[in-house]
Amino acid sequence: MIMVTEDNKYKSVINILKKSTPVPDSAEEVEREVIKRVSKIPHQGMNISDVTDFLFGWVYIGWVRRSLIAASIILVLVFIYQQGIILKQINYLSRQTVVVDGAASFNPESAIEKRLMMYKMNGRRFASKKITISEKQMEEIIDSVNALQIKYKDLINLINEDPELKNYIEKKLIENDHKKIKL
Amino acid sequence: MIDIKLIEECRGGNLNNFRKLVELTTPLAFSVAFRMLGDEEQAKDVVQETLITIWQKLNKIKSPEVYKTWIYRITVNKCYDQLRKRKRNPEIIADDSVWALISNKVYEAPSSELENSETSRIIGLLTNRLSPKQKAVFVLSELEEMSSDEISEITGMSKSGIKSNLHYARKSISEMVEKYL
């Protein structure tokens, strides 16, 4: 029988436990089972759990880690929702007329609107606030202007083709206006 | 000895190499799991789960030293899960037969090794009052003889946390040993 002092009792018990390294009675069975289960799992690269481990691997308490993951998902969803609203507002505003320095600038959708806009922006013939005509009336005006331009071009061509007529018109214009007009 | 070459080969999905890794890893994981849980069947389950997790996350391993810490970390975390599932018994059941066994080993045959079932009964009795964290620190420090740095790496606890948990575990076990042995 060995004499063990009171102080050494703890150490003796620990030494006995330390010395006796536990060994599984059927290590092969454990290994076989592991290989069997592992062979059914496809060997993957990065997956969701890898990402969460990478981001939250520093948190060792399970419920804290889960709470952080949940909070981050909520924050991401809120962010996406907010971005969606902002994008919607931007799209809505981009369709609106914006008055800058008295001139209206907007995204024209039809050909008429484009031409009207060009007309306004080039000549500033009338202020944007004084437009009271309907779209139909505006269409008629533009059509008539276009027709007039075609007729004007035809007339110029006729004049250019006939030198006598050209001289005559020039003379008449000088007479009428008392100034030289070069055609 | 677990070397980086073997781990590298396992990363490619080679099951034969993984079999070798399983052979080398099982004793390490089982020792910690068994000592923390005091139950052979549960320890085996933990080892299986640990090895499957290792297979799934093997790409993260960079060096053999890290691998060893990593398997201990996974094992300890799986043991925590098992311990949380159990109902903690605040009452210490002074099982005379276990104390007789401890007494026999301490006074009569200190050089003899314990059977798994004997280890299980002794650990179960001595660590009954300890929390999972205290059990982990006690097993890793006192039985697996790891440094506080290694325990900190494995458990994620601070050094002061390890110190206080170990102090409580030692005090609790010492009191029982003093009282019943």
Side-chain angles (χ1 to χ4, degrees), chain A residues 1-70, chain B residues 10-15 18-19 22-23 26-27 30-31 33-35 40 43-44 47-52 54-60 73 77 80-81 84 102 105-116 118-120 122-123 126 142-145 155-157 170 173-174 177-178 181:
Chain A
M1 180 153 170
I2 293 166
M3 287 298 292
V4 179
T5 60
E6 291 285 309
D7 296 340
N8 287 336
K9 279 181 186 173
Y10 173 81
K11 281 184 183 174
S12 303
V13 174
I14 295 300
N15 278 336
I16 288 165
L17 288 171
K18 209 189 294 179
K19 213 162 48 186
S20 312
T21 308
V23 181
D25 57 356
S26 53
E28 293 83 14
E29 191 192 308
V30 174
E31 287 161 18
R32 215 175 22 247
E33 184 62 28
V34 169
I35 297 296
K36 194 177 145 191
R37 285 175 67 181
V38 154
S39 58
K40 289 176 188 169
I41 303 166
H43 196 248
Q44 294 169 343
M46 286 282 276
N47 55 27
I48 293 168
S49 66
D50 288 334
V51 175
T52 54
D53 281 358
F54 175 73
L55 293 172
F56 304 103
W58 52 277
V59 188
Y60 291 94
I61 303 161
W63 69 268
V64 177
R65 188 189 286 206
R66 284 192 290 276
S67 307
L68 280 174
I69 292 168
Chain B
C10 292
R11 277 181 193 175
N14 189 323
L15 268 178
F18 186 66
R19 210 183 294 271
V22 168
E23 275 175 39
T26 301
F30 183 79
S31 175
F34 184 79
R35 283 167 164 171
E40 189 161 1
K44 277 186 200 170
V47 170
Q48 279 186 21
E49 294 300 325
T50 302
L51 290 166
I52 288 161
I54 287 168
W55 170 255
Q56 287 173 324
K57 299 181 178 181
L58 208 57
N59 287 329
K60 290 178 181 176
R73 191 187 300 162
N77 285 334
Y80 281 160
D81 294 342
R84 280 192 205 106
I102 298 171
K105 293 290 173 185
V106 170
Y107 297 112
E108 305 293 336
S111 58
S112 67
E113 286 192 17
L114 296 167
E115 302 261 329
N116 275 1
E118 291 172 333
T119 309
S120 164
I122 294 171
I123 284 179
L126 296 177
E142 297 285 78
L143 305 182
E144 298 289 332
E145 295 177 287
T155 60
M157 280 185 232
R170 277 179 181 159
I173 294 167
S174 293
V177 169
E178 297 275 325
L181 200 66

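Note on naming: letters A, B, ... go to the chains in the order of the sequence lines (proteins, then strands), and numbering restarts at 1 for each one. This is a predicted model, so every value here is computed, not measured.
The CH2 atom of B/Trp55 sits 7.5 Å away from atom CD1 of A/Ile35, with the distance rounded to the nearest 0.5 Å. For the atom pair A/Glu29 CD and B/Lys44 NZ, the distance stands at 5.5 Å (nearest 0.5 Å). Taken to the nearest 0.5 Å, the CZ atom of B/Arg19 stands 9.0 Å off from the OG atom of A/Ser39.
Nearest heavy atom pair, residue A/Tyr10 against residue B/Ser174, reads CD1-OG, 3.4 Å. The two residues A/Lys9 and B/Val177 come nearest to each other via the heavy atoms CB-CG1, 3.4 Å.
Looking only at heavy-atom pairs under 4.5 Å with chain A, the residue among B/Thr119, B/Leu126, B/Leu51 that has the most is B/Leu51. Contact count against chain A (heavy-atom pairs under 4.5 Å) is highest for B/Glu49 among B/Met157, B/Glu118, B/Glu115, B/Glu49. Put simply, of B/Ser31, B/Ala43, B/Ala33, the one with the most heavy-atom pairs under 4.5 Å next to chain A is B/Ser31. Ranked by heavy-atom pairs under 4.5 Å with chain A, the list B/Asn77, B/Ile52, B/Ile173, B/Val47 is led by B/Ile52. Heavy-atom pairs under 4.5 Å with chain A peak, among B/Leu143, B/Ile123, B/Leu114, at B/Leu114. Chosen from A/Val23, A/Thr21, A/Asn15, the residue pairing most often with chain B at heavy-atom distances under 4.5 Å is A/Val23.
A donor-acceptor pair is defined here as one N or O able to donate and one able to accept, closer than 3.5 Å; no such pair exists between the side chain of B/Arg35 and the backbone of A/Pro22. Side-chain atoms of B/Gln48 do not come within 3.5 Å of backbone N or O of A/Arg37 as any donor-acceptor pair.
Of the atoms belonging to B/Arg73, it is side-chain heavy atoms, and not backbone ones, that fall under 4.5 Å from chain A.
For B/Asp81, the side chain to side chain donor-acceptor pair (under 3.5 Å) partners are B/Arg84, not counting sequence neighbours. Evaluation of the side-chain contact (heavy atoms from CB on, under 4.5 Å) rule for B/Ser120 yields B/Phe34 as partners, not counting sequence neighbours.
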Exercise for review: Could you give me the CA-CA distance, side-chain angles and deciding distance for A/Lys18 and B/Glu142, then say whether side-chain contact (heavy atoms from CB on, under 4.5 Å) is met?
Suggested key: CA-CA 8 Å; A/Lys18 209 189 294 179; B/Glu142 297 285 78; over 6 Å; no
